[in-house]
Amino acid sequence: MPPSPPHRSRNLALAALLGLLATFLLHASPAGASAALRVHAAARAKFIGAALATGPLANESAYRGLAAAEFNQVTAENAMKWDATEPSQGQFTFGGADAVVSFATQNNQQVHGHTLVWHNQTPGWVQGLGASAMRAALQNHISQVVGRYAANPAVVSWDVVNEVFDDNGTLRTSFWYNTLGQSYIADAFRAARAADPDARLCINDYNTEGINAKSTALYNLVRSLRQDGVPVDCVGFQSHLAIQYGFPSQLQQNLQRFADLGVQVRITELDVRMVMPRDAGKDATQAAYYRDVVNACLAVTACAGITIWGFTDKYSWVPDTFSGQGAALIYNDSYQAKPAYTAVHDALAGGTGGTDTTPPTTPGTPAVSGVTAGSATLTWAASTDSGGSGLAGYTVYREQGATDPELGRSTGPTITLSGLSAATQYQVYVRARDGAGNLSAASPTAMFTTSTGGGDTGGCSATGTVQNQWDGGYVVQPVTVTNTGTATISGWSVTFTLPAGHAVTGSWNAALTVNGQTVTARSLPYNGTLAPGASATFGFQASRPPGDTSTPSRYTCAS
Ligand code: 9MR
């Protein structure tokens, strides 16, 4: 049986009540339309938090003011990491960490400790240790860092291990894994529980927001750790999103499947970046992403809350990491609230009375035009919204059974879908959305089939689906090869072009040869023979430059 979830004493409930009261007094307004985010979040029994950077926390009153007024939870963006807290062995430095904890205490905010065991921001002296010394260092570090705040009621939870998976769902071959094997994960949780029996202990990762190979590997790990009695209480979903990659439409469903394991879930590092420069359309899409993350958390009882990774674009990790991208947070560089702030505010305020609970009217049947191998245009009769929050836009879904993936979003009643698979039948429908996040009923569906993409010869076609992607790479799985002729084929080859700067890093179920940017994938002895109508599949993984969102656009089959 998994250990029972920890809980803080009644002191915390009292502190929370006092905090709420203080916030009410501070803002001299009840949870009305213009109240701070934290007032609305507390009314929904959730936290709304921000990662704090110690520099501006010490030096900028505008930063401190907003951090205190708007949030009831904080995470140290860097100050509790290993390089900050134990830069050399046994020498602990808590200046930054203490500053964050004392700010939180003054402002009735709960603190999430981030992070105890990670492959980044860990000093070289740790990485060079042998197995038994490394295990001892891990246990001592956790015992000292968690132990320092164990009696502090503000510090309620920890990211015990961070980013232990690679994107394909295998355990990351970090120095931790390479030296200690998988056991370092259970050891870390047990050490944290020993250091603070009441703290909530989390495992945290990115690209796990949707249902994919990585999130399923995380799910299986959490289940098996808990079956073994390892004290994993909580799972953090970082949620570093980008408007150019699409919204993880299975977020709520994914949070719920983890919640059903008996763990708390939380959004730990939310930001939504865009390719610069900002414009009103990108801001609106970003705002919709923020709103939908908040709504997903609100819809899952076990979701404790949402931490935004910073709050002002003035201090964000994004521009330093993804060149040409930025503006990922809810305030701009000069602390002005952006549409994303309003979206978070209104989503948290929704349901507290007097707000819009009336969905927009149902959109008309989409009319399809301009179908190509990879794109199609849909146009429909517009919806109207009478609930007060106004029509915010439309989302187009593909009808696929249990879960219908999102194909795109628009603000007006038309959209050109791109990135579609060639020679594929699509059944699609549209739902309208208002400013409070209410969704209309689904429109009637429309059907179309994309063209083959041209170039196919010898009675076969090939289509590729991007299964998973991240900044720096992607997985195309499956590439489906179909015999479209009337005779059996005894071997096939599929050719595609890699965009500049991309490189194949792995493949399966086909033999790949690369010539410049042209890749040829040939059938293997066991999957080359295809009767008329039959299909075979293969897949590959590729790397691409930071900030590049492209993938191969066309797969050409020959037999
Ligand atoms: O935001 C953090 C940035 O200031 C640091 O330079 C960076 C170094 O690794 O870490 C950033 O925070 C990361 C977090 O700790 C774990 N998840 C991903 C975050 C963004 O990289």
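Numbering of residues begins at 1 and proceeds along the displayed sequence. Just follow the structure's listing: the first ligand is 1, and inside any ligand the first atom is 1. Computed over heavy atoms, backbone and side chain alike; hydrogens, waters and symmetry mates excluded.
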N/O of [X] under 3.5 Å from N/O of ligand 1, yes or no?
X: His114; answer: yes
X: Asn162; answer: no
X: Trp317; answer: no

Using a strict threshold of under 4.0 Å (side-chain N to carboxylate O), is an ion pair present between Arg409 and Asp292? yes

To check your reading of the model: name the closest protein heavy atom to [atom], its residue, and the distance in Å.
atom: atom 7 (C) of ligand 1; answer: Gln121 OE1, 3.7 Å
atom: atom 10 (O) of ligand 1; answer: Lys81 NZ, 3.1 Å
atom: atom 1 (O) of ligand 1; answer: Glu77 OE2, 2.4 Å
atom: atom 19 (C) of ligand 1; answer: Glu269 OE1, 3.3 Å

Pairs meeting criterion ring-ring contact (aromatic ring centres under 6.0 Å, His included) with involvement of residues 47-74, two or more places apart: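 ring-ring contact (aromatic ring centres under 6.0 Å, His included) check on residues 47-74 returns Tyr63-Phe311, Tyr63-Tyr315, Phe71-Phe311.
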
Answer with yes or no after comparing the ring centroid distance for Phe258 and Tyr219 against a 6.0 Å cut-off, counting only values under it. yes

May I ask you to check whether Trp158 and Trp118 place their ring centres under 6.0 Å from each other? no

Indicate the atoms forming the closest heavy-atom contact of [X] with [Y], along with that distance.
X: Arg64; Y: Phe103; result: O-CZ, 3.6 Å
X: Leu298; Y: Ala347; result: CD1-O, 3.4 Å
X: His119; Y: Ser174; result: CB-CB, 3.7 Å

What atoms of ligand 1 come within less than 4.0 Å of a heavy atom belonging to Glu163? 16 (C), 17 (N), 18 (C)

List every atom of ligand 1 that sits less than 4.0 Å from any heavy atom of Trp309, numbering the atoms from 1 in the order shown and giving each element. 1 (O), 2 (C), 12 (O), 14 (C), 15 (O), 19 (C)

Quick one: look at Tyr206 and ligand 1, take heavy-atom pairs under 4.0 Å, and tell me if it's side chain, backbone, both or neither.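 Near ligand 1, Tyr206 shows nothing, with every heavy atom at 4.0 Å or more.
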
For Asn78, which part has a heavy atom under 4.0 Å from ligand 1: side chain, backbone, both, or neither?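 Contact part for Asn78 vs ligand 1: side chain (C-beta onward).
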
Under 6.0 Å from the CD atom of Gln182, do we count more than 12 heavy atoms belonging to anything else shown?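 Not buried by this count: 12 neighbours or fewer within 6.0 Å.
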
